[in-house]
Amino acid sequence: MSTRSLWAIVAPIFLAALYLTTAPATSRAQEAAENQFTTSLDIRMGRRVFQQQCGRCHGRDAGGGELGPDLTQGFRNSSTDAGLFNIIREGLPNTQMIGISRRSTDQSVWMIVSYLNSLNNTEDVDLAGNATNGQQLFSGKGNCSSCHMVNGTGGRRGPELSQVGNRRDPDELISDLRTPNEDVTPRWWTLRVTRDDGAIVEGLRMSEDTFAMRLMDENEDLWSFSKSNIRSYDRVKTSIMPAIGDMLTDSEVDDLIAYLYSLRREES
Ligand code: HEC
Ligand code: HEC
């Protein structure tokens with residue numbers, strides 16, 4: 001390596017160190033340490049990066065896994081955004097917690113910080129609705145429990161919602177209800193199979209490989225098909241969840257949101 005290219009690497013580090021040791025402890029460092037990426041889109045992006053890079057140890061929803069602790073209950077090693085940023089960037093020395101890939105930008109680290117903060121957001125938001133009414137709507141008029149399980153009761157055709165308030169804030173919940181088709185992961189795709197006898201069987205795509213697939217119909221019955229024994233099949237990549245539309249009044253929607261947001265783990 002030429003002296004010149006070595007200097008290109010060392011100079012910024014050297015200058016940064018010089019700056020930190022000579023600059024008075026004022027704004028600059030703090031300014032740099034302020035998270036500029038906190039919108040709900042940033043949070044969603046952060047969640048995506050988290051699932052790719054951190055989920056295998058900390059669990060897909062950061063609830064903890066075999067290799068990494070739960071990150072939804074506050075942090076032992078840091079109480080500030082800048083502290084979290086450093087842990088994610090650098091890792092924790094002498095632990096399995098390695099820093100994020102060097103190729104990841106600072107921006108995506110800040111997005112992860114925002115995502116983790118959103119999971120740890122236990123401050124009570126003032127919501128217009130009434131959670132008790134919302135609970136009744138959920139299993140009654142709203143018919144939500146036909147697809148969603150909460151604390152062991154309900155259907156399996158949609159995600160489990162016992163802790164949905166930890167992962168979704170009220171604005172996100174409203175868009176979940178108003179526009180369920182957006183952004184459906186393969187887990188919630190539908191398969192529509194036309195059998196050799198012409199009959200159609202449709203249901204959630206439970207698994208699929210080159211030769212076979214399994215689906216769960218609306219009665220939660222499981223079907224297996226070998227791809228060579230059917231006439232055709234389609235993947236439907238939109239959500240089976242109906243948009244609430246005009247089914248509920250605005251104040252009933254408020255009640256449902258208050259209920260859903262109350263489905264959180266308490267701060268320990
Ligand atoms: C190889 C497994 C592994 C991967 C990958 C991993 N972590 Fe960790 N992480 C750990 C372990 C283990 C700890 C606990 C370290 C200790 O304190 O002993 C930890 C600790 C942490 C902490 C500190 C928790 C606290 O209470 O202070 C944060 C924050 C964190 N990880 C975030 C992340 C993020 C974000 C990613 C992805 C960029 C990630 N981790 C990737 C294993 C992992
Ligand atoms: C026919 C089944 C079905 C019904 C009925 C249904 N949902 Fe869903 N719901 C789903 C599926 C599938 C998903 C996942 C795909 C998606 O995001 O649209 C989902 C997603 C959601 C999410 C996002 C969960 C997350 O983890 O991000 C919320 C919140 C939700 N539903 C609430 C409701 C409420 C409240 C009702 C009643 C008004 C309802 N659902 C009725 C099937 C259903």
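Just so it is clear, the model here is predicted, and its values are computed rather than measured. We count residues from 1, following the sequence as given. In each ligand, atom 1 is the first atom listed, and ligand 1 is the first ligand listed.
In summary, C144 places no N/O/S atom under 2.8 Å from atom 8 (Fe) of ligand 2, failing the contact criterion. The distance from atom 8 (Fe) of ligand 1 to the nearest N/O/S atom of Q96 is not under 2.8 Å.
Taking a cut-off of under 4.0 Å to the non-hydrogen atoms of L67, the atoms of ligand 1 that pass are 11 (C), 12 (C), 42 (C). Each of the atoms 4 (C), 5 (C) of ligand 2 lies under 4.0 Å from some heavy atom of P242.
Dense packing is recorded around CZ of R231, with more than 12 heavy atoms of other residues, nucleotides or ligands lying under 6.0 Å away. A 6.0 Å sphere centred on CD of Q52 holds more than 12 heavy atoms belonging to other residues, nucleotides or ligands.
When only interatomic distances are considered, the shortest N/O to N/O separation between W188 and ligand 2 does not fall below 3.5 Å. The N/O atoms of L248, backbone and side chain alike, include none that comes under 3.5 Å of an N/O atom in ligand 2. Here's the thing with N77: one of its N/O atoms is less than 3.5 angstrom from an N/O atom of ligand 1.
One option in G142, S145, C147 has a heavy atom closer to atom 1 (C) of ligand 2 than any other, and that option is C147. For atom 13 (C) of ligand 1, the nearest non-hydrogen atom from the set G68, A62, P69 belongs to P69. Which of C57, G74, G65 comes nearest to atom 3 (C) of ligand 1 through a heavy atom is settled by distance: it is C57. The option from N143, D176, V150, I244 that lies nearest to atom 28 (C) of ligand 2, judged by heavy atoms, is D176. The option with the heavy atom closest to atom 12 (C) of ligand 2, from among M241, E160, R157, is R157. Considering each of H58, E66, Q51, the one bringing a non-hydrogen atom nearest atom 6 (C) of ligand 1 is H58.
Counting heavy atoms under 4.0 Å from ligand 1, residue L84 touches it through the side chain alone. For I88, every heavy-atom contact with ligand 1 shorter than 4.0 Å involves the side chain, none the backbone.
In this structure, L161 has a heavy atom closer than 4.0 Å to ligand 2.
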Hey, mind stepping through S114 and N35 against side-chain hydrogen bond (donor to acceptor under 3.5 Å, both in side chains) and telling me if it holds? CA-CA 8 Å; S114 295; N35 191 349; 3.0 Å; yes
